[in-house]
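In this chain, residues are counted from 1 in sequence order.
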Amino acid sequence: VESLANVVFQVELGGANGYDFYQPSVGATITAGGASALSVGALTVTNYFPTLNLTFGDNTTTQLSANWAELSTKGQNGTTSAGGTEEPIYINLYAFQWDLSGDSNISSFNVIFDVVAHSQTYAARL
């Protein structure tokens with residue numbers, strides 16, 4: 001992929017029980033997740049957000065966390081009472097960016113992410 005300097009990925013997810021991205025660190029510990037509590041704006045990159053896989057011309061590979069993440073917008077899409085208390089659930093539009101200006105000879109790339117059961121992926125854009 002000649003002269004690839006940035007990759008931007010947007011994904012729109014409908015949460016299930018307050019989660020959208022799968023969070024292994026809280027997998028079975030609580031029933032209502034943190035996605036509902038997020039505010040629109042820049043986010044701290046976490047280990048459960050999408051990752052970018054790069055393959056180089058010599059067939060070596062690497063996996064990168066985003067350099068930047070944002071919750072671009074959110075809209076309420078009902079409520080859940082999975083945790084015993086009713087709380088809103090949202091459709092969240094996330095954006096992620098990877099700066100590849102220091103990389104060269106990239107032959108292919110892909111973005112991977114995990115979502116929780118019963119969440120919905122409405123759209124993904126690269």
Side-chain angles (χ1 to χ4, degrees):
V1 183
E2 189 76 24
S3 302
L4 182 63
N6 281 284
V7 171
V8 176
F9 176 65
Q10 288 184 316
V11 62
E12 188 173 28
L13 301 174
N17 296 335
Y19 287 105
D20 43 31
F21 290 110
Y22 176 66
Q23 301 175 31
S25 61
V26 295
T29 59
I30 57 176
T31 55
S36 294
L38 293 175
S39 297
V40 171
L43 298 173
T44 301
V45 175
T46 69
N47 64 351
Y48 58 84
F49 281 159
T51 55
L52 179 69
N53 294 322
L54 299 177
T55 302
F56 298 96
D58 63 359
N59 287 326
T60 58
T61 60
T62 192
Q63 187 176 58
L64 303 173
S65 295
N67 298 97
W68 176 82
E70 175 186 78
L71 177 57
S72 302
T73 189
K74 65 192 283 185
Q76 189 171 341
N77 190 34
T79 60
T80 182
S81 57
T85 303
E86 193 163 307
E87 69 172 81
I89 54 174
Y90 294 91
I91 297 174
N92 294 317
L93 175 62
Y94 294 95
F96 303 92
Q97 181 179 9
W98 292 267
D99 176 5
L100 305 177
S101 58
D103 295 296
S104 61
N105 201 21
I106 299 169
S107 61
S108 66
F109 67 92
N110 64 17
V111 176
I112 60 169
F113 61 97
D114 292 324
V115 295
V116 298
H118 309 296
S119 66
Q120 304 84 38
T121 302
Y122 291 106
R125 297 168 202 76
L126 188 61

K.L.:
Do we see a donor-acceptor contact under 3.5 Å between the side chains of T79 and E86?
P.N.:
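Yes.
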
K.L.:
If you look at every heavy atom in L4 and N6, which pair is closest and at what distance?
P.N.:
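So the minimum-distance heavy-atom pair works out to CD1-O, 3.6 Å.
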
K.L.:
Just do the side-chain contact (heavy atoms from CB on, under 4.5 Å) check on T55 and I106 with the steps written out, would you?
P.N.:
CA-CA 6 Å; T55 302; I106 299 169; over 6 Å; no

K.L.:
When hydrophobic residues are tied together by side-chain contacts of less than 4.5 Å, even through go-betweens, does I112 share a cluster with L126?
P.N.:
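The answer is no; the residues belong to distinct hydrophobic clusters.
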
K.L.:
Compare every heavy atom of G57 with every heavy atom of S107, then report the nearest pair and how far apart it is.
P.N.:
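Of all heavy-atom pairs spanning S107 and G57, the closest is OG-N, 4.1 Å.
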
K.L.:
Going from CG on L64 to CZ on F96, what distance comes out if it is rounded to the nearest 0.5 angstrom?
P.N.:
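So the gap between those two atoms works out to 14.5 Å.
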
K.L.:
Is there side-chain contact between L52 and F109, with heavy atoms separated by less than 4.5 Å?
P.N.:
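Yes, close enough: below the 4.5 Å cut-off.
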
K.L.:
Taking the inter-plane angle between the rings of F113 and F21 on a 0 to 90° scale, is it parallel (under 30°), tilted (30 to 60°) or perpendicular (over 60°)?
P.N.:
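Answer is perpendicular, since the angle exceeds 60°.
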
K.L.:
Any side-chain heavy atom of L93 sitting closer than 4.5 Å to one from L71?
P.N.:
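Heavy-atom side-chain distance check fails, nothing below 4.5 Å.
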
K.L.:
Determine, using the 4.5 Å side-chain heavy-atom cutoff (strictly less than), whether V8 and W68 are members of one ILVMFWY cluster.
P.N.:
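As far as the 4.5 Å side-chain criterion goes, W68 and V8 are not connected within one cluster.
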
K.L.:
If I take atom CG from residue L43 and atom CD from residue E70, how far apart are they, to the nearest 0.5 angstrom?
P.N.:
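The CD atom of E70 is 7.5 Å from CG of L43, to the nearest 0.5 Å.
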
K.L.:
If you compare all heavy atoms of G15 against all heavy atoms of D20, which two are closest, and at what distance to 0.1 Å?
P.N.:
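Nearest heavy atoms, G15 then D20: CA-CB, 4.2 Å.
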
K.L.:
Donor-acceptor pair, distance only, cut-off 3.5 Å: does the side chain of E12 make one with the backbone of Q10?
P.N.:
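No, the answer is negative, given that no donor and acceptor are paired below the 3.5 Å cut-off.
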
K.L.:
Measure the spacing between CD1 of I91 and OG of S119 and express it to the nearest 0.5 Å.
P.N.:
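Answer rounded to 0.5 Å: 11.5 Å.
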
K.L.:
Would you indicate whether the side-chain heavy atoms of T80 and E87 approach each other to under 4.5 Å?
P.N.:
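Sidechains of T80 and E87: in contact.
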
K.L.:
Would you name the heavy atoms of F9 and A124 that are closest together and state the gap between them?
P.N.:
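Smallest interatomic distance, heavy atoms only, reads CE1-CB, 4.0 Å.
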
K.L.:
Is any side-chain heavy atom of Y22 less than 4.5 Å from a side-chain heavy atom of V115?
P.N.:
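Heavy-atom side-chain distance check fails, nothing below 4.5 Å.
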
K.L.:
Assess the residue pair L100 and L54 against the criterion (side-chain contact (heavy atoms from CB on, under 4.5 Å)); give the C-alpha distance rounded to whole Å, side-chain angles, the decisive distance to 0.1 Å, and a yes or no.
P.N.:
CA-CA 10 Å; L100 305 177; L54 299 177; 3.9 Å; yes

K.L.:
Please confirm whether the backbone N or O of L38 pairs with a side-chain atom of K74, one donor and one acceptor, at under 3.5 Å?
P.N.:
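Yes; judged by distance alone, with no hydrogens or angles, the pair exists.
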
K.L.:
Please give me the minimum heavy-atom distance between T73 and V40, naming the atom from each residue.
P.N.:
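Heavy-atom minimum between the residues: CA-CG2, 4.0 Å.
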
K.L.:
Quick one: are N53 and T62 in side-chain contact, heavy atoms under 4.5 Å?
P.N.:
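Result no, sub-4.5 Å side-chain heavy-atom pair not found.
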
K.L.:
Where is the tightest heavy-atom contact between F49 and V45, given as atom of each residue plus distance?
P.N.:
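Minimum heavy-atom separation between F49 and V45: CD1-CA, 4.0 Å.
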
